[in-house]
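Sequence lines set the chain letters: A, B, ... in the order given, protein chains first and strands last, and positions in each chain run from 1.
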Amino acid sequence: MTALFQQIASSIGYFERAMVWPQLLVVAGALLLRVGIRQWRGAPAGLRRWRRAIAIGVALLGMLALRLARLPHGFGVFLLALLVGWEALRPFERLLARVMPQETLGPLMSQLIRPLYLLGAAVLLLDQLQNVRDLALLPVTLLGATLTVGQLFAALLLVYLVVAASGPPATGLAWLVRRSLGLTRSSQRAMALLFRYTVVGLGLVLVLSNLGLNTTALVAVAGGLSVGLGFGIKEIFSNFVSGIWLLFEGSVRPGEVLMVDGDHCEVRSLGLRAAVLWRSRDNAELVIPNQTFFTESTVTYTRTDRLRRCALAVGAAYRHDPERVTRLLEEAALGVGGVLADPPPQAFLVRYGESSIDYSLRYWIDDPLQNLSIGDAVGKAVWASFKAQGIEIPFPQRVLHQPDS
Amino acid sequence: MLLTACGGGAERDAGKPGGVLFVYLEMPASQVKKPEAVDAVIERMELLRRPFLELHPSVRIQFIPFAEERLLRQVRRRNWDGLGPDLLLVTDQTARELRRLGLTAPAQAPGELLEQLDPVAVERLREDDGQLAGLPVLLQTEQACFNRSLMADSPATLEGLLQASAAGATVGLNLEPIDLAWLLGTFAADGALTTANQGRMPDPQQRLRLVEALEWLAQANLQARVSMFTKEEPMLDRFSRGELAWIPCRSDDLARLRRSLGDDLGVAGLPRGPGGEPTPVNRLRVWAFGTNSSARQRSTAERWAQFSLTPGVQRRLTLQTEGNLPTNLRLPVPVESSAILRTLEETRQQVDAAEVEVTLRLLDGEDNRQIRRLITDAAFQTISPQAASSGLLEVLMATAGGPQP
């Protein structure tokens with residue numbers, strides 16, 4: 001490894017050559033120009049908008065000048081091409097945004113495409129200064145095995161690709177399985193996660209077997225990890241195993257709706273350590289260790305179906321016929337969007353209260369997270385219906401008698 | 001100002017060795033992918049680098065190996081970048097090609113030093129305008145390598161070689177034209193090539209000798225224990241593993257072979273034939289100078305190149321590698337101290353005495369592909385020796401500018 005760094009560091013020798021500096025100055029000048037236009041508060045909008053194109057144009061003119069002066073300029077052209085490629089990622093992202101949702105595109109760009117571009121650019125730059133094929137042959141000792149830098153780089157790249165890029169194919173495969181077997185959406189998400197874990201696991205095994213690492217050394221590392229599990233990383237491991245178990249069990253899968261501290265929350269993702277839940281009440285995201293769901297009871301509305309039964313308590317004056325009141329309540333609920341017709345809404349006389357007959361209107365909705373908004377709509381519909389039909393909603397009244405004396 | 005600050009310092013110190021030297025090493029494509037082969041070359045170069053760095057500790061010398069077929073392209077691209085080499089260790093043929101394309105600068109050395117160098121080698125690098133395409137640093141010869149555990153002694157004649165093969169010794173022959181050139185002399189077929197190279201059709205007697213050489217090759221291929229190879233590397237691999245008893249080999253491969261076979265490795269002259277002595281082609285390793293160097297880099301490169309040509313360094317290199325002959329003839333080759341060096345020196349004298357060497361080197365020229373196909377076809381009897389002979393002569397006459405009366 002030292003030899004690798006020494007070879008890379010020796011590239012500084014190129015800066016001794018006067019012909020390298022004009023190329024670097026042209027590219028650096030173009031970059032400074034772009035930054036300058038952006039920072040200039042009074043810059044015309046057109047200038048600001050075209051600052052990238054202007055900077056690239058200026059750099060190209062600089063390269064042309066070097067060419068006309070018969071000076072070497074290939075390195076400058078190369079650096080410029082890398083910059084243009086980086087800038088081209090923006091329109092490329094906009095293009096992808098037309099066919100891809102933002103929540104997919106964001107991670108794709110930030111976790112895969114941009115890092116891969118930077119990595120490719122770094123390798124190409126290194127190849128300009130050195131010979132990458134030769135550097136790849138330098139030996140590295142790892143866990144008792146002698147590898148080449150190229151093998152190690154390929155292994156790390158494969159691990160990164162497997163971890164970062166296995167998401168979309170796993171999702172696609174899960175979608176196919178859901179279409180074929182008629183599974184639910186949350187099952188599809190769970191399956192995608194399981195596929196991903198499988199691909200990552202197989203990828204790691206493939207990498208380790210290809211590297212030909214010393215198995216005794218690996219066993220020793222595993223032994224060390226076991227001790228570590230007993231102390232420091234017990235919780236992490238426990239959360240990981242809980243996550244896998246929950247996925248198989250299916251009680252906490254992405255898309256499920258759970259009650260957490262009296263609030264409805266939707267499971268957004270189930271990670272290696274923790275689950276991320278979205279709380280609709282205040283748009284907060286809760287990060288809850290997987291172990292919590294494993295050791296504590298959980299209320300879910302989506303285990304076998306997504307139906308939720310809701311109830312509205314209301315009172316009507318004693319003079320109104322209960323048959324008429326219950327019918328009005330059921331009709332009012334049916335007229336609200338989101339209330340299911342089957343099972344139908346049902347109203348019950350539950351009690352003769354002090355100032356009213358108390359009823360309970362029970363209705364079903366198929367989206368537990370809409371409970372509050374549909375409940376609000378049902379309440380308003382009942383009020384409007386009672387008002388239209390002259391049904392009084394009484395409230396307790398107190399008559400004060402003052403003694404004559 | 002920045003240019004002055006960065007490049008000017010180096011110009012000021014131009015007389016004093018220092019900085020980083022980028023040295024390209026030309027290697028066969030099959031070897032450049034093998035870490036052990038690259039190590040063997042770098043190890044040999046260390047014998048030149050280390051003593052120089054002891055004298056000039058502020059110098060850093062960076063070796064960058066390239067496959068021979070990629071070298072010209074890489075030098076052209078990197079020169080265009082301003083990141084070209086300061087020094088190249090290449091064959092004499094590549095050195096001349098680099099100069100022809102304007103990719104290297106003429107070599108310079110004090111007249112006193114040039115007078116000490118092998119005049120044949122220097123003349124080989126002399127251009128039409130009298131300038132030198134490079135400075136010859138090492139001479140690598142072709143001879144026979146045999147495995148002492150499988151064969152007591154190397155056969156002195158072609159007939160003896162086939163008899164040894166019939167008796168159980170496995171023989172390998174490389175069909176690369178330049179590596180097979182030695183066979184032409186054993187049938188006195190080299191005259192046919194010399195005549196063809198002058199644009200004239202050889203007389204029937206000369207043509208017959210060439211046919212005989214090709215017939216011998218075809219007959220040898222019919223032997224059960226003679227293996228023909230179209231590349232040198234697989235033949236060397238099998239010889240290293242003890243699967244072949246006898247092969248023609250180049251002196252720069254001796255270090256690798258000795259590492260594998262130890263004392264079992266025997267080195268001897270190539271066998272004679274009915275037409276006379278063999279005509280192997282020696283290879284020169286040459287320092288060529290880059291065009292992108294700063295004044296200090298150029299000065300350091302020249303100093304190191306000249307340092308490597310001094311009698312003491314050359315002698316040490318010869319003794320320690322036992323695979324390279326010195327180009328500085330001031331001190332005689334220490335043949336008394338090594339049987340291998342004696343064999344190499346005999347081969348050198350044999351080649352220097354052969355007038356046809358210049359012609360035989362054409363086999364390594366631009367028409368190599370066509371010539372290689374004809375020789376391979378003749379060896380495997382896809383075409384008759386007569387047809388292959390006619391084809392070879394046509395190619396050579398075409399290269400010389402067409403048949404002349």
- [ ] Could you tell me if the ring centre of B/W80 sits under 6.0 Å from that of A/F75?
- [x]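 Not close enough - the centres of the two rings lie 6.0 Å or further apart.
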Task: B/F52 and B/H56 aromatic ring geometry - parallel, tilted or perpendicular at 30°/60° bounds - done: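 Rings of B/H56 and B/F52: tilted, 30 to 60°.
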- [ ] Identify which of A/S10, A/G13, A/P72 forms the greatest number of heavy-atom pairs closer than 4.5 Å to chain B.
- [x]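 Most pairs with chain B among the choices: A/S10.
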Task: Neighbours of chain B found in residues 110-134 of chain A - heavy atoms under 4.5 Å - done: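 Residues in range: A/D127, A/Q128, A/L129, A/Q130, A/N131, A/R133, A/D134.
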Open item on the list: Just to verify, what does B/D237 make a side chain to side chain contact (heavy atoms under 4.5 Å, CB included) with, not counting sequence neighbours?
Closed with: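 Listed in chain order: B/K34, B/E233, B/R241, B/R256.
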- [ ] For the pair B/E97 and B/R100, find out whether any cationic side-chain nitrogen is under 4.0 Å from an anionic carboxylate oxygen.
- [x]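 Salt bridge: yes.
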Task: Distance-only side-chain donor-acceptor flag, A/E16 / B/S294, under 3.5 Å - done: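 Short answer, yes.
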Open item on the list: Looking only at side-chain N and O atoms, does B/T321 offer a donor or acceptor that is under 3.5 Å from a partner on B/R44?
Closed with: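 Side chains of B/R44 and B/T321: no pair found under 3.5 Å.
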Engaged part of [X] at the chain A interface, taking heavy atoms whose separation is under 4.5 Å:
X: B/R298; value: neither
X: B/F63; value: backbone
X: B/D39; value: neither

Open item on the list: A quick test of your reading: do over 12 heavy atoms of other residues, nucleotides or ligands sit less than 6.0 Å from CZ of A/R67?
Closed with: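 Atom CZ in A/R67 is not packed in, count stays at 12 or less.
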Open item on the list: I'd like to verify something: which residue of B/K33, B/Q74, B/R60 has the highest number of heavy-atom pairs under 4.5 Å with chain A?
Closed with: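 The residue among B/K33, B/Q74, B/R60 with the greatest pair count is B/R60.
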Open item on the list: Among B/V20, B/V38, B/D81, which residue has the highest count of heavy-atom pairs closer than 4.5 Å to chain A?
Closed with: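 Top count of heavy-atom pairs under 4.5 Å with chain A: B/D81.
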TODO: State whether the side chain of B/W304 and the backbone N or O of B/S299 hold a donor-acceptor pair below 3.5 Å, judged by distance alone.
DONE: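 Pair absent, no side-chain N/O of B/W304 close to backbone of B/S299.
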TODO: State, yes or no, whether a side-chain contact exists between B/V137 and B/L135 at a heavy-atom distance under 4.5 Å.
DONE: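 When only atoms from C-beta onward are counted, B/L135 and B/V137 do not touch, as no gap falls below 4.5 Å.
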